[in-house]
Amino acid sequence: MIKTAFVTGVLGQDGAYLSRLLLEKGYRVVGAYRQSALMNTWRLSALGIRDDVELIPLELLDYSNVQRCIGSVKPDELYNLAAQSFVGLSFEQPLYTGDADGLAVTRILEAIRSVSPSTRFYQASTSEMFGQNQALVQSETTPFNPSSPYAIAKLYGHWMTVNYRTVHGLHASSGILFNHESPLRGREFVTRKITATFAEIAQGADKVLELGNLDVARDWGFAGDYVRGMHLMLQQDKPGDYVLATGRKTTVRAFVECAAKVCGYTLEWEGEGVQSVGRDARSGRPLVRVNPVFFRLADVDVLVGDASKAKRELGWTAEVSLEQLVEKMVLEDYAAVRRGESLS
Ligand code: NAP
Ligand code: G4F
């Protein structure tokens, strides 16, 4: 029998990769997008699946709409990927972020309980929920200490997922995912900002890449690997919480150096903190500088995950290395600039 998957946030990075994976596995994929925004399907087109996903409008802030959509589709699996996902913006839009990333999770869970209780549910939780913490590596048992409105809203969604699992017996799982990137990443996120800007500089753009804190470290993997983990969680007999991560930490500075190298530049740094400048070692040209505008009101210094539970129970590991990821992102951006496209 053909399974039906319902994917919220289908027009985002993970929505596109997950839809492709599910289509490859023979699923019928119903993808929900928010009607109020422009229906920007470039990621689905980039993966060649624009016409294979059934797109439906869904307003996650309206319970009656959520219940009607879920009731009419009655999916076997529902992946809740929709969110205001930019941490920086959540400081400017804490209420909207709380509604879209937090309360909306309860609307979906409540709708599932009411009209489609056999639907298996995946919640897109995040390593940001750990915030500043004492653990050298974060796992499912590490205490949460969220430090942004985004992380706080996500933590609420995470606990509601646990609650509906334990109290109402739903097959509801929470994937605590560390940063995952790809050529389909939005340009507001630091990795894509770096790869896109270097692709432009390498082809003659007279630009300097302006960044915030260069010394924060993240655990960056490839989004294609992470959507495999989401699907695996919903194939288990029992639902649960799983960290997905590579286990390797890299600073923003080291990521920039890696992207520069793919473009043939070796960076030499001078100055400290906001005075830091990265120059091309050959020409002395400044290529990177710090702009305090990109600092956050509160940031998390280091996040690095321990995905051993996912390895043990799901057989999941990240396959793409940081170097492969950076090269893939830079080369795709480079090719797009070469074709004369303005980078999305
Ligand atoms: P993304 O590219 O920003 O995609 C999120 C999607 O959600 C966008 O298509 C967005 O639509 C949609 N959306 C935003 N607000 C909405 C609303 N009110 N109603 C309906 N749709 C709405 O994010 P992603 O990187 O694919 O991440 C997918 C999910 O995983 C998110 O929940 C994110 O918070 C979470 N997560 C991501 C990472 C990561 O490193 N990528 C790590 C941990 C957790 P528009 O295109 O119209 O804005
Ligand atoms: O790329 P970022 O904006 O990603 P962030 O904040 O880690 O959030 C992403 O990953 C989370 C998983 O942990 C997801 F839940 C979330 O939805 C999103 O996908 O920033 C990464 C780091 C931050 O510490 C930030 O302060 O890079 C630092 N950074 C330094 N300069 C910058 C910049 N971030 C951005 N966006 N732009 C800069 O110029």
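Computed from a prediction, not measured in an experiment: that's the story for all the values here. Order of appearance sets the numbers: ligands from 1, and atoms from 1 within every ligand.
- Under 4.0 Å is where a charged nitrogen must lie from a carboxylate oxygen, and between Arg34 and Glu59 no such pair does.
- Between His158 and Phe144, the ring-plane angle classifies as perpendicular under the 30° and 60° cut-offs.
- Applying the 4.0 Å criterion to heavy atoms of Asn179 picks out, from ligand 1, the atoms 40 (O).
- Note on Glu323 versus Arg248: salt bridge recorded, some NZ/NE/NH1/NH2 to OD/OE distance being below 4.0 Å.
- Between the choices Arg185, Arg34, Arg43, Gln13, the shortest heavy-atom distance to atom 22 (C) of ligand 1 belongs to Arg34.
- Look at Phe295 and you'll find every heavy atom at least 4.0 Å from all atoms of ligand 2.
- Every atom of ligand 1 is numbered from 1 in the order shown, and the set under 4.0 Å from a heavy atom of Ala124 is 29 (C), 30 (O), 32 (O), 35 (C).
- For Glu24, the CD atom sits in a packed shell: over 12 heavy atoms of surrounding residues, nucleotides or ligands are nearer than 6.0 Å.
- Within the 4.5 Å cutoff, no side-chain heavy atoms of Gln67 are placed close to those of Glu110.
- Considering both main-chain and side-chain atoms, Ser85 comes within under 3.5 Å of ligand 2 through a nitrogen or oxygen pair.
- Between Asp62 and Arg107 there is no salt bridge, since no side-chain nitrogen of the basic residue lies less than 4.0 Å from a carboxylate oxygen of the acidic one.
- Ligand-side atoms of ligand 1 in range of Tyr96: 15 (N), 16 (C), 17 (C), 18 (N), range being under 4.0 angstrom from any heavy atom.
- By the rule that hydrophobic residues join a cluster once side-chain heavy atoms approach within less than 4.5 Å of another member, Phe294 and Val288 end up as members of separate clusters.
- Note on Arg28 versus Glu54: salt bridge recorded, some NZ/NE/NH1/NH2 to OD/OE distance being below 4.0 Å.
- Geometrically, ligand 2 and Phe178 share no nitrogen or oxygen pair separated by less than 3.5 Å.
- Between Lys3 and Glu77, at least one side-chain nitrogen of the basic residue sits less than 4.0 Å from a carboxylate oxygen of the acidic one, meeting the salt-bridge criterion.
- With a 4.0 Å cut-off on non-hydrogen atoms, Leu211 touches ligand 2 through its backbone as well as its side chain.
- Using 4.0 Å as the threshold, Tyr150 has a heavy atom nearer than that to some atom of ligand 1.
- Residue contact annotation: Glu128 has no non-hydrogen atom under 4.0 Å from ligand 1.
- With Ser127, Gly157, Ser85, Ala83 as candidates, the residue nearest to atom 14 (C) of ligand 1 on a non-hydrogen basis is Ala83.
- By the 3.5 Å distance cut-off applied to N or O atoms, Val190 is counted among the residues near ligand 2.
- The nearest non-hydrogen atom to atom 7 (O) of ligand 2, considering only Asn179, Thr197, Thr251, comes from Asn179.
- Considering backbone and side-chain atoms alike, Arg185 places an N or O below 3.5 Å from some N or O of ligand 2.
- For ligand 1, the atoms closer than 4.0 angstrom to any heavy atom of Gly12 are 2 (O), 4 (O), 9 (O), 26 (O).
- Here the rule is side-chain hydrogen bond (donor to acceptor under 3.5 Å, both in side chains) with His231, and of Trp316, Tyr122, Tyr79, Tyr27 only Tyr27 fits it.
- Atoms of ligand 2 found under 4.0 Å from any heavy atom of Thr126, numbered from 1 in the order shown, are 11 (C), 12 (C), 13 (O), 14 (C), 15 (F).
- Within 6.0 Å of atom NZ in Lys309, more than 12 heavy atoms from other residues, nucleotides or ligands are found, so the atom counts as buried in its surroundings.
- Salt-bridge formation is detected for the pair Glu200/Lys207: a Lys NZ or Arg NE/NH1/NH2 atom is positioned less than 4.0 Å from an Asp or Glu carboxylate oxygen.
- The closest non-hydrogen atom to atom 36 (N) of ligand 2, taken over Arg253, Glu188, Gln84, comes from Glu188.
- Residue contacts with ligand 1: Asp14 is placed with a nitrogen or oxygen under 3.5 Å of a nitrogen or oxygen of the ligand (distance criterion only).
- Per-residue contacts place Thr126 under 4.0 angstrom from the following atoms of ligand 1 (heavy atoms of the residue considered): 43 (C), 44 (C).
- In Arg312, the CZ atom is crowded: over 12 heavy atoms of neighbouring residues, nucleotides or ligands sit closer than 6.0 Å.
- In this structure, Asn40 has no heavy atom closer than 4.0 Å to ligand 1.
- Among Arg192, Lys154, Arg296, the residue whose heavy atom lies nearest to atom 20 (O) of ligand 2 is Arg296.
- Close approach to Val87 involves these atoms of ligand 2, each under 4.0 Å from a residue heavy atom: 6 (O), 8 (O).
- Ligand 1 has no nitrogen or oxygen under 3.5 angstrom from a nitrogen or oxygen of Tyr33.
- Counting heavy atoms only, Ala82 comes closest to atom 21 (N) of ligand 1 of the residues Ala100, Gly15, Ala82, Ser182.
- Looking at ligand 1, you won't find any N or O of Ser125 less than 3.5 Å from one of its N or O atoms.
- The cationic atom of Arg185 (NZ for Lys, CZ for Arg) lies less than 6.0 Å from the six-membered ring centre of Phe189 and within 45° of the ring axis.
- By the criterion of side-chain heavy atoms lying less than 4.5 angstrom apart, applied directly or through intervening Ile, Leu, Val, Met, Phe, Trp or Tyr residues, Leu343 is not grouped with Val208; the two fall into different hydrophobic clusters.
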